[in-house]
Amino acid sequence: MTGIFEMNDSNKTVFDAVVAPILPQVLQGKSCNVFAYGHSGSGKTHTVVGYQYEARSDLGLCLATARQLVEALNRLNEQNACDPLGVGVRIYELRRNNAYDLFNDRRECFVREGSDGQVYIRGKTEMLENGKVRVKPIVTKACWSFEDLSRELQEGLKLRATGMSSVHDQSSRTHAVIELEIVTKTLLEARDAVIEQESELVPVGKHATDVYIEEQSRAIIRNPDGGYAPNPDYQLDQVRIDAAEARKAEFEALVDLAKEHESQIFGTTARKHACLGGKLVFVDLAGSEYYNDKSGLKMNQSAHEKQIGRHINTDLLALKEVIRARAQGSPRIPFRSSPLTMVLRPHFQASEDSHSAMILTVSPSSSEFAATMNTLKYGNLVGAAGNTK
């Protein structure tokens, strides 16, 4: 469906019309997405996050959602006091090809597709004692009250990158992603255990590879003609190779056990509370006037700003194509077109029958007419996907 909000409508009005109807899906364990698109100064961040954090009657959509979720989970926790349900919050921003974790001092992270076909956002490699190597994912803050969640969110948003735009000097120059997931402490601990077991595996796996390469190198020699032949003076130590591989297999089994334990915890709790794992993802897209310098907007941009604009253009175009492809039932969804769509792929795929909404924000100023028209055109292109407001 589509709808129009008036200039004087409050965030609560938008929440009641757009978000409140899809919260039951989140409480059924599904994943839903809400995007805010528009030019700088048109109200995206005000709508998604809000600035009056203490005004509980007119919170941004994200905090209003958190309040409703916490209240719903508190009712469920009356029957689940031993392992209460809470809201796990992740907040990061995407700029060019990287992500920045706002709950971890804006540490740089990387968007990668694993061998299992899943997309991961993980930080830089950490070298630990005894050769252990750990690569942590985006930080999840577990919150058990609305006050805790509001405080954590405010602290994270302070680190969001801003810059000058044609409208104001605090324009968002990145795409901010806020994920709210229903979790339990036990589930989060199990996820951490998987990361730790993987860090234990790395040095053992490296040692097995080194042993194999070393033995293979010793077992061959180079001929005068440049070819290779078995080394008559060295017998391949297959026992040594097998021992290293066996130890590697032991640690791989421990990783598999940790993952299985995580799945068991999830399954056990989900049977009691179907809401576990439910997500609502808010995406505050970067100001769109930077991505289309042919729109008639007169802007004095530096070379660096134009480069940022091209990246924003790529991301927004990719998002539009993904939404349209999904709406048309295309067998191929171009998720790999940009880091933004790669990051959102798990959320789109988590629940094929879930809800995605796009909120278009525009300015009433006549000076922003061209930007407003561009926003409406963009919304019209993706409107076939479902709820565009």
Side-chain angles (χ1 to χ4, degrees), residues 11-12 15 19-20 22-24 26-27 29 31-34 36 45-93 99-107 109 121 123 136-160 176-193 195 262 265-266 269-270 272-284 347:
N11 280 343
K12 184 178 185 305
F15 174 82
V19 182
I22 65 177
L23 284 182
V26 178
L27 291 169
S31 184
C32 301
N33 312 289
V34 177
T45 302
H46 172 75
T47 302
V48 173
V49 180
Y51 296 116
Q52 301 297 325
Y53 298 113
E54 303 303 325
R56 296 174 67 94
S57 62
D58 196 28
L59 296 170
L61 301 186
C62 180
L63 285 174
T65 298
R67 183 174 62 183
Q68 294 282 349
L69 285 178
V70 169
E71 290 176 356
L73 297 180
N74 284 341
R75 291 191 291 270
L76 292 174
N77 285 336
E78 294 177 359
Q79 309 168 5
N80 186 40
C82 60
D83 193 18
L85 297 158
V87 179
V89 188
R90 289 176 289 274
I91 175 171
Y92 53 93
E93 57 183 3
Y100 298 86
D101 189 351
L102 301 189
F103 278 154
N104 193 16
D105 296 326
R106 206 172 178 272
R107 296 284 179 87
C109 299
I121 309 175
K136 282 192 171 182
I138 290 285
V139 170
T140 298
K141 294 280 189 177
C143 301
W144 314 106
S145 70
F146 173 74
E147 289 70 25
D148 288 344
L149 195 154
S150 178
R151 182 179 61 254
E152 295 287 2
L153 187 63
Q154 291 176 55
E155 288 299 315
L157 289 171
K158 289 179 182 178
L159 297 179
R160 190 178 182 193
V177 181
I178 304 172
E179 300 180 8
L180 304 179
E181 180 187 11
I182 299 175
V183 298
T184 65
K185 182 180 179 181
T186 304
L187 178 61
L188 295 178
E189 289 175 347
R191 290 178 179 175
D192 288 340
I195 299 297
E262 177 191 347
I265 289 176
F266 186 91
T269 306
K272 294 172 59 179
H273 299 291
C275 63
L276 187 68
K279 295 178 185 176
L280 191 47
V281 182
F282 293 91
V283 185
D284 181 8
H347 305 306

Side chains of [X] and [Y] in contact at under 4.5 Å (non-hydrogen atoms):
{"X": "Glu179", "Y": "Tyr92", "result": "yes"}
{"X": "Ile265", "Y": "Glu262", "result": "no"}
{"X": "Lys141", "Y": "Arg151", "result": "no"}
{"X": "Leu180", "Y": "Phe282", "result": "yes"}
{"X": "Ile182", "Y": "Leu27", "result": "yes"}
{"X": "Thr269", "Y": "Leu187", "result": "no"}
{"X": "Val19", "Y": "Leu280", "result": "yes"}
{"X": "Leu59", "Y": "Asn11", "result": "no"}

Check your understanding: Where the side chain of Asp101 meets the backbone of Val139, is there a donor-acceptor pair that is under 3.5 Å apart?
Key ->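 Yes, Asp101 side chain to Val139 backbone: donor-acceptor pair under 3.5 Å.
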Check your understanding: Has the side chain of Asp105 got a donor or acceptor atom that lies under 3.5 Å from a matching backbone atom of Arg107?
Key ->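 Such a contact is absent between Asp105 side chain and Arg107 backbone.
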Over all heavy atoms of both residues, which pair between [X] and [Y] is shortest? Give the atoms and the distance, please.
{"X": "Val183", "Y": "Val87", "answer": "CG2-C, 4.2 Å"}
{"X": "Leu276", "Y": "Ala270", "answer": "CD2-N, 4.1 Å"}
{"X": "Ala36", "Y": "Val48", "answer": "CB-CG2, 3.5 Å"}
{"X": "Phe15", "Y": "Gln68", "answer": "CZ-CG, 3.6 Å"}
{"X": "Cys109", "Y": "Ile121", "answer": "CB-CG2, 3.9 Å"}
{"X": "Ile195", "Y": "Pro137", "answer": "CD1-CD, 3.8 Å"}

Inter-residue atom distance [X].[atom1] - [Y].[atom2], 0.5 Å rounding:
{"X": "Phe103", "Y": "Leu153", "atom1": "CZ", "atom2": "CG", "result": "6.0 Å"}
{"X": "Asp148", "Y": "Cys143", "atom1": "CG", "atom2": "SG", "result": "6.0 Å"}
{"X": "Glu181", "Y": "Cys275", "atom1": "CD", "atom2": "SG", "result": "11.0 Å"}
{"X": "Thr184", "Y": "Phe266", "atom1": "OG1", "atom2": "CZ", "result": "9.5 Å"}
{"X": "Asn74", "Y": "Trp144", "atom1": "CG", "atom2": "CH2", "result": "11.0 Å"}

Practice item. List the steps and the verdict of side chain to side chain contact (heavy atoms under 4.5 Å, CB included) for Tyr100 and Leu159. Key: CA-CA 10 Å; Tyr100 298 86; Leu159 297 179; over 6 Å; no
Check your understanding: Picking from Gln154, Glu152, Glu147, what satisfies side chain to side chain donor-acceptor pair (under 3.5 Å) with Ser150?
Key -> Gln154
Point to revise | Val177, Leu102, Ile138, Thr140 screened by side-chain contact (heavy atoms from CB on, under 4.5 Å) with Ile91, the one that passes | key: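 Exactly one pass, corresponding to Leu102.
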Point to revise | Of Asp284, Val281, Val49, Leu61, the residue whose pairing with Ile178 passes side-chain contact (heavy atoms from CB on, under 4.5 Å) | key: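 The side-chain contact (heavy atoms from CB on, under 4.5 Å) with Ile178 is passed solely by Val49 among Asp284, Val281, Val49, Leu61.
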Point to revise | Ile22 vs Val34, side chain to side chain contact (heavy atoms under 4.5 Å, CB included): CA-CA, chis, key distance, verdict | key: CA-CA 10 Å; Ile22 65 177; Val34 177; 4.2 Å; yes
